[in-house]
Amino acid sequence: MKLPASLSLRHGSLRMRLLLGTLIWIALAIAVAGWGLRGLFHEHVSQQLQDQLVRQLNQLSASVNWSADSSVEVLPLAGDTRFSTPLSGLYWQVDVLPPSGAADVGVVRSRSLWDQQLPLPADTAFPGTTPQGYAVVSLQDAQGHELLAVSRPLQLPDANAPLLRLTVAADQALVAEPVQRFTTMLLTALGALAAGLALAVAVQLQLALRPLDRLRQRLSAVRTGQSTQLQGDFPNELQPLINEFNHVLSANADIVQRARTQAGNLAHAVHTPLSILGNAAAQENSPLAQLVQEQVATAQRQVDYHLARARAAAAVRATGLRTPVQAPVQALLRTMQRLHAARDVQFEQIGSADTLAFRGEAQDLFEMLGNLLDNAGKWARHHVRLQVMREGALLCFTVDDDGPGIPAAQRQQIFERGQRLDEQRPGAGLGLDIVRELAHTYGGTVAADASPLGGLRMRLCLPAALQQGG
């Protein structure tokens with residue numbers, strides 16, 4: 001089964017790492033606990049069986065007598081019918097240990113042994129005893145069953161009574177069966193506990209990591225221009241990070257504002273002497289005056305070009321930029337309508353852009369779109385059409401005119417700096433180059449193509465800002 005990319009360790013999922021680490025520790029802890037509990041229960045049941053055998057051994061010791069005909073007699077044992085049930089799993093046996101020679105094994109034994117004997121060593125007087133006076137031994141009967149036995153020596157007070165060995169044994173199945181039942185119940189209980197803990201861990205991780213998801217949403221709001229700061233209440237562990245990030249956003253906004261102010265001051269400082277030179281040259285009608293006018297116009301365009309690039313670069317590094325499109329589009333169309341009124345060129349917009357926004361500075365949008373509309377107005381015969389559409393993460397402006405158009409081989413040339421295909425048309429050949437540079441600075445594109453109106457189509461694509469609340 002393939003994990004989703006959001007949970008894959010290869011993608012560094014914090015949730016999956018914490019979940020897997022916790023589940024592994026839960027599994028190990030439950031496995032160790034289960035092993036320990038089963039061992040304790042096995043030890044408890046074994047000890048209980050051994051204690052039961054010792055009590056029955058004591059009863060057997062009290063029931064043994066030495067008869068007048070020099071034989072061993074055992075009075076009936078009360079309390080447990082299994083001694084009289086053949087092969088019931090509970091047995092007793094009395095062996096005679098003479099002073100010398102092999103032991104007389106199974107002189108008297110319980111009915112449950114039927115025709116068998118407990119396989120005690122015949123050449124050993126008695127195995128090692130515990131401080132309580134009995135020995136615990138493990139045996140195996142003729143059927144291969146494991147037996148737990150307790151045994152002790154008994155010297156009767158009767159004259160000529162030999163040393164006896166009394167043994168009580170039980171099948172180990174009496175231990176294995178309850179241990180097996182306990183193991184089954186234990187596994188069921190521990191499995192339910194593991195499932196509950198896993199669910200609790202998953203819920204806890206979901207609740208613990210929810211602030212990170214909220215943080216991502218707040219960052220997205222800053223990136224798309226819906227907010228200038230990270231807003232909201234966050235846990236104490238995250239709040240210092242939020243505060244520091246808000247300080248960075250404020251400092252970045254201050255830097256951008258200072259850059260724009262300095263750009264405006266520079267433009268104002270340069271514009272004034274250029275205007276004075278241009279006005280002075282306009283009062284003369286000499287080749288030198290004409291040259292000065294041309295150079296002043298070129299210098300003014302160069303200043304505007306470089307200031308626009310600097311402003312756009314600062315805007316791209318800023319966060320939270322969002323410029324609604326509809327108002328600038330309508331303002332530019334009204335301006336172009338008045339500017340080209342003498343040639344009776346009509347400017348219109350197809351569709352509406354009320355919900356669309358550009359992720360950048362309004363001045364840069366005016367600069368780029370204004371150059372495209374102005375260039376279309378210069379070449380159009382009667383009609384210029386503008387359409388704005390959202391295409392994925394981009395905002396695309398399409399400007400069509402019904403002018404003569406440009407051959408495909410020359411369309412790329414119009415974006416070269418200072419290039420003019422028709423020297424009779426006004427301009428310095430820098431407008432479309434400014435559009436291209438600004439579009440590239442924002443990560444967008446601008447391209448020329450044939451228009452369905454018969455002229456040229458200019459297509460400008462820029463990064464779009466998300467809709468409010470999106």
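In this text, all values refer to a predicted model and were calculated from it rather than measured experimentally.
Among all heavy-atom pairs drawn from Asp344 and Gln346, the shortest one is OD1-NE2, 3.2 Å. Closest heavy-atom contact between Leu190 and Gly34: CD1-CA, 3.5 Å.
Dense packing is recorded around NE2 of His440, with more than 12 heavy atoms of other residues, nucleotides or ligands lying under 6.0 Å away.
When the side-chain hydrogen bond (donor to acceptor under 3.5 Å, both in side chains) test is applied to Ser250, the partners found at least two apart in sequence or on another chain are Gln229. Under the rule for a salt bridge (Lys or Arg N to Asp or Glu O under 4.0 Å), the partners of Asp374 that lie at least two apart in sequence or sit in another chain are Lys378. Glu237 meets the salt bridge (Lys or Arg N to Asp or Glu O under 4.0 Å) test with no other residue; sequence neighbours excluded. With sequence neighbours excluded, no residue forms a ring pair (Phe, Tyr, Trp, His ring centres under 6.0 Å) with Phe397. In terms of the salt bridge (Lys or Arg N to Asp or Glu O under 4.0 Å) criterion, Asp51 has no residue partners (sequence neighbours excluded). Shown here are the ring pair (Phe, Tyr, Trp, His ring centres under 6.0 Å) partners of His340, two or more places apart in sequence or in another chain: Phe347. Asn246 meets the side-chain hydrogen bond (donor to acceptor under 3.5 Å, both in side chains) test with no other residue; sequence neighbours excluded. For Arg334, there are no salt bridge (Lys or Arg N to Asp or Glu O under 4.0 Å) partners two or more places apart in sequence or in a different chain.
At least one side-chain heavy atom of Arg457 sits under 4.5 Å from a side-chain heavy atom of Thr398. Contact check for Leu18 versus Val201: no side-chain heavy atoms found under the 4.5 Å cut-off. Annotation: side chain of Val435 is not in contact with side chain of Leu369 (no heavy-atom distance under 4.5 Å). Looking at Leu53 and Leu57, their side chains never come closer than 4.5 Å, going by heavy atoms from C-beta outward. Between Leu212 and Leu238, some side-chain heavy-atom pair lies under the 4.5 Å cut-off. Side-chain contact between Ser451 and Leu456 is absent, with no heavy-atom pair separated by less than 4.5 Å. Between Asp400 and Pro452, the closest side-chain pair of non-hydrogen atoms falls below 4.5 Å. Looking at Leu438 and Glu367, their side chains come closer than 4.5 Å, going by heavy atoms from C-beta outward.
Annotation: disulfide (SG to SG under 2.5 Å) contacts involving residues 186-217, sequence neighbours excluded, are absent. Among pairs with a residue in residues 208-218, those fulfilling side-chain hydrogen bond (donor to acceptor under 3.5 Å, both in side chains) read Asp213-Arg216, Asp213-Gln217, at least two apart in sequence or across chains. Sorted by first then second residue, the disulfide (SG to SG under 2.5 Å) pairs that include residues 341-390, not counting sequence neighbours, number zero.
Here Glu391 pairs with Arg459 in a salt bridge; the nearest charged N to carboxylate O distance falls below 4.0 Å. With respect to Arg381 and Asp402, no salt bridge is recorded, no charged nitrogen being found less than 4.0 Å from a carboxylate O.
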What's the verdict on side chain to side chain contact (heavy atoms under 4.5 Å, CB included) for Leu147 and Leu118, showing C-alpha distance, side-chain angles and the deciding distance? CA-CA 9 Å; Leu147 303 177; Leu118 293 176; 4.0 Å; yes

Check against side chain to side chain contact (heavy atoms under 4.5 Å, CB included), Val136 and Tyr134: CA-CA 7 Å; Val136 180; Tyr134 62 88; 3.8 Å; yes

For Asn375 and Ile414: C-alpha separation, side-chain torsions, deciding distance, then whether side chain to side chain contact (heavy atoms under 4.5 Å, CB included) applies. CA-CA 11 Å; Asn375 184 75; Ile414 63 176; 5.7 Å; no

Test side chain to side chain contact (heavy atoms under 4.5 Å, CB included) on Asp449 and Arg411; report intermediate values, then the result. CA-CA 7 Å; Asp449 202 352; Arg411 288 171 188 161; 3.5 Å; yes

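Although no hydrogens or angles enter the test, the distance criterion places a donor-acceptor pair under 3.5 Å between the side chain of Ser112 and the main chain of Leu90. Put simply, the side chain of Arg390 never gets that close to the backbone of Cys396: no donor and acceptor are under 3.5 Å apart. Using a distance-only test at 3.5 Å, with no hydrogens or angles considered, no donor-acceptor pair links the side chain of Gln48 to the main chain of Val175. Gln172 places no side-chain N or O within donor-acceptor distance of the main-chain N or O of Glu146, the cut-off being under 3.5 Å. Of the possible donor and acceptor atoms, none in the side chain of Asp171 sits under 3.5 Å from a partner among the backbone N and O of Leu174.
Using a 3.5 Å distance cut-off with no hydrogens or angles, the side chains of Gln349 and Gln330 do pair a donor with an acceptor.
Atom CG in Leu394 sits 12.5 Å away from atom CE in Met389 (nearest 0.5 Å).
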Without placing hydrogens or testing angles, list every side-chain donor-acceptor pair under 3.5 Å for residues 178-185, not counting sequence neighbours.
from   : atom 1 : to     : atom 2 : distance (Å)
Thr183 : OG1    : Arg38  : NE     : 3.0
Thr183 : OG1    : Val179 : O      : 2.7
Thr184 : OG1    : Gln180 : O      : 3.1

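The side chain to side chain donor-acceptor pair (under 3.5 Å) with Glu348 is formed by just one residue from the set His383, Gln337, Arg385, Gln387; it is His383.
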